[in-house]
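Notes for the one structure printed next.
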Amino acid sequence: MRRALLVVLAAGAVFSLLYLSAWGDKKGFVGKVAPEVALTSSLNSAGKPSLSGLRGKVVLLEFWATWCPPCRASIPHLQKLHDTYGKKGLVVLSVTDEDPGTVREFVADHRMTFPVGIDDNARTMTTYGIQSIPAAFLIDTAGKVIWQGHTMELKEAQVEAALRAVKV
């Protein structure tokens with residue numbers, strides 16, 4: 001009986017380690033200052049957006065790819081957030097590590113008007129430990145991550161609460 005319990009506990013520990021290595025700590029950045037983004041270029045913005053340059057605004061940083069069906073499904077949600085809250089201090093910054101030509105065509109075809117950054121050799125994705133996409137981080141006016149998760153799980157009420165601190 002004791003041996004069986006040890007086997008079950010060992011199997012649980014191994015499963016936990018595998019889970020964390022594959023998907024990471026789902027709340028790993030919440031409460032911490034968001035790491036800077038490293039972009040080679042961007043679309044729909046002047047220059048290359050940086051988190052330090054966006055202090056004082058609320059940033060929804062989203063990682064995605066053109067080939068990813070759940071990422072494609074989240075585009076209307078992101079566009080609605082951008083359209084509804086952009087003038088109130090929300091910046092949607094969508095980041096991919098794909099070829100700029102592919103992304104440029106995709107952004108035009110899908111009428112994405114929020115900033116889309118091209119990740120510099122996936123440096124930002126690596127810094128954030130991105131293992132699966134879409135993945136998003138809501139960053140407050142001081143640069144701290146206040147929410148982390150799947151893009152479609154972010155509720156408007158969470159964005160509105162974060163925007164209360166914005167001085168427009």
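Side chains included, hydrogens not; waters and symmetry mates left out as well; all remaining heavy atoms used. Here the structure is a predicted model, which means the values were calculated and not measured. FYI, the numbering just counts along the sequence from 1.
V95 has its side chain within reach of L39: a pair of non-hydrogen atoms, C-beta onward, lies under 4.5 Å apart. Counting heavy atoms from C-beta on, the side chains of L90 and K57 never come closer than 4.5 Å. Proximity of V159 to L60: side-chain heavy atoms (C-beta onward) are nowhere separated by under 4.5 Å.
Residue I130 is grouped with residue W67 when hydrophobic side chains (ILVMFWY) are merged at heavy-atom distances under 4.5 angstrom, including chains of intermediate members.
With rounding to the nearest 0.5 Å, the separation of OG1 in T96 from CZ in F63 is 10.0 Å. How far CD of E153 is from CD of Q158: 9.5 Å, rounded to the nearest 0.5 Å. Atom OG1 of T126 sits about 8.5 Å away from atom CG of D97, to the nearest 0.5 Å. In this structure, CG on L81 lies 10.5 Å from CD on E62, to the nearest 0.5 angstrom. With rounding to the nearest 0.5 angstrom, the CD1 atom of I133 is 9.5 Å from the OG1 atom of T151.
Residue T66 is tested with E105, R72, E98 for a side chain to side chain donor-acceptor pair (under 3.5 Å); the sole match is E98.
Checked by atom type and distance alone, the side chain of N44 pairs as donor or acceptor with a backbone atom of F114 at under 3.5 Å. Without hydrogens or angle criteria, Y128 side chain to F29 main chain gives no donor-acceptor distance under 3.5 Å. Remark: the backbone N or O of M112 is not paired with any side-chain donor or acceptor of H110 at under 3.5 angstrom. Under a 3.5 Å cut-off, the side chain of S50 and the backbone N or O of G53 do form a donor-acceptor pair. No side-chain donor-acceptor contact under 3.5 Å links N121 to the backbone of R123. For H82 (side chain) and L78 (main-chain N/O), no donor-acceptor pair under 3.5 Å exists by modelled atom type. Looking only at distances, a side-chain donor or acceptor of E36 sits under 3.5 Å from a matching main-chain atom of L51.
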Is there a side chain to side chain contact (heavy atoms under 4.5 Å, CB included) between V30 and W147 once you walk through the steps?
CA-CA 6 Å; V30 173; W147 177 88; 5.7 Å; no
Test side chain to side chain contact (heavy atoms under 4.5 Å, CB included) on V103 and L43; report intermediate values, then the result.
CA-CA 9 Å; V103 176; L43 306 167; 3.8 Å; yes
Please list every donor-acceptor pair under 3.5 Å in which a side-chain atom of residues 135-142 meets a protein atom from a residue at least two apart or in another chain.
from: D140; atom 1: OD1; to: A142; atom 2: N; distance (Å): 3.0
from: D140; atom 1: OD1; to: G143; atom 2: N; distance (Å): 3.1
from: D140; atom 1: OD1; to: K144; atom 2: N; distance (Å): 2.8

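The shortest heavy-atom contact between R111 and Q79 is O-OE1, 3.4 Å. Summarising the geometry of Q148 relative to G28, their closest heavy-atom pair is OE1-N, 3.5 Å, with the distance given to 0.1 Å.
Using a 3.5 Å distance cut-off with no hydrogens or angles, the side chains of T84 and E156 do not pair a donor with an acceptor. Side chain to side chain, T124 and D119 meet the donor-acceptor criterion of an N or O pair below 3.5 Å. A donor and an acceptor atom, one from each side chain of S94 and W64, are located under 3.5 Å apart.
Under the 4.0 Å criterion applied to side-chain N and carboxylate O atoms, D83 and K80 are not assigned as salt-bridge partners.
Qualifying side-chain contact (heavy atoms from CB on, under 4.5 Å) partners for S45, counting only residues two or more places apart in sequence or in other chains: S42, P49, P115.
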